[in-house]
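Heavy atoms only: backbone and side chains are in, while hydrogens, waters and symmetry mates are out.
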Amino acid sequence: MVDIPEGYGPDDELDPEAADPLYLQLAAVLIARIAGGVYPMGRAVPGVDRLMQEFGIARGTARKTLVLLAEMGYVRTVVGKGSFVIERETGESTG
């Protein structure tokens, strides 16, 4: 599993000189936005083009970030529609 860097807030900018790769920095920012309700449950997070524009990143970086968020259970991607915030499953059994 990938370790998301800590200490990023919803309004932080990405730092190309930082030790953490840009896609992990962006994932941390988007997770902070999800946790803070900027992107509430069921709503879309920005798509690849919007992320490229807002953060000045390459298409591949934006895609990699959205794939990671889907793998981590933060979003569900619907082809042709976008990526939507979902309720995360913790993987813990209650029974």
Side-chain angles (χ1 to χ4, degrees):
M1 191 60 151
V2 176
D3 287 327
I4 300 298
E6 295 182 13
Y8 286 88
D11 297 321
D12 285 350
E13 294 183 9
L14 307 185
D15 179 4
E17 302 298 320
D20 296 311
L22 289 175
Y23 81 98
L24 291 180
Q25 293 179 50
L26 179 56
V29 169
L30 295 178
I31 289 169
R33 289 180 180 182
I34 291 169
V38 175
Y39 308 132
M41 190 82 55
R43 298 296 300 257
V45 296
V48 171
D49 291 337
R50 173 79 173 129
L51 292 173
M52 289 172 56
Q53 180 182 37
E54 181 178 349
F55 292 97
I57 56 175
R59 182 172 298 277
T61 302
R63 283 184 179 156
K64 189 170 186 175
T65 301
L66 292 175
V67 167
L68 177 62
L69 290 180
E71 289 173 351
M72 294 180 71
Y74 284 97
V75 301
R76 177 178 54 89
T77 300
V78 179
V79 177
K81 300 268 186 193
S83 295
F84 300 86
V85 178
I86 58 173
E87 186 173 353
R88 284 191 77 208
E89 295 182 19
T90 62
E92 297 175 3
S93 176
T94 58

Query raised in the report: Can you get from F84 to L66 by hopping between Ile, Leu, Val, Met, Phe, Trp and Tyr side chains that sit under 4.5 Å apart?
Result: no
Query raised in the report: Among the clusters formed by ILVMFWY side chains lying less than 4.5 Å apart, do I34 and V2 turn up in the same one?
Result: yes
Query raised in the report: Atom CD1 of I4 and atom CG of L30: how far apart are they, to the nearest 0.5 Å?
Result: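 The distance works out to 10.0 Å.
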Requested in this report: State the CG-CD distance between L26 and E54, to the nearest 0.5 angstrom.
Outcome: 8.5 Å
Query raised in the report: Between Q25 and A18, what is the shortest heavy-atom contact and its length?
Result: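 Looks like NE2-CB, 3.6 Å.
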Requested in this report: Heavy atoms only: give me the nearest T65-A27 pair and the separation to one decimal.
Outcome: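 Looking at all heavy atoms of both residues, the closest pair is CG2-N, 3.7 Å.
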**Report entry** side-chain contact (heavy atoms from CB on, under 4.5 Å) assessment of T61 paired with F55
**Finding:** CA-CA 10 Å; T61 302; F55 292 97; over 6 Å; no
Requested in this report: Please assess V75 against I86 for the test side-chain contact (heavy atoms from CB on, under 4.5 Å), listing each intermediate value before the final yes or no.
Outcome: CA-CA 5 Å; V75 301; I86 58 173; 5.6 Å; no
Would you list the atom pairs, donor with acceptor, under 3.5 Å between side chains in residues 36-51 and any protein atom, with sequence neighbours excluded?
from : atom 1 : to  : atom 2 : distance (Å)
Y39  : OH     : R33 : NH1    : 2.8
D49  : OD1    : R59 : NH1    : 3.1
D49  : OD1    : R59 : NH2    : 2.9

Requested in this report: Please test V67 against E71 for side-chain contact (heavy atoms from CB on, under 4.5 Å), starting from the C-alpha separation and ending with a verdict.
Outcome: CA-CA 6 Å; V67 167; E71 289 173 351; 3.6 Å; yes
Quick one: side chains of residues 5-17, donor-acceptor pairs under 3.5 Å with protein atoms, not counting sequence neighbours, listed by atom name and distance.
from : atom 1 : to  : atom 2 : distance (Å)
D12  : OD2    : G9  : N      : 2.7
D15  : OD1    : E17 : N      : 2.9

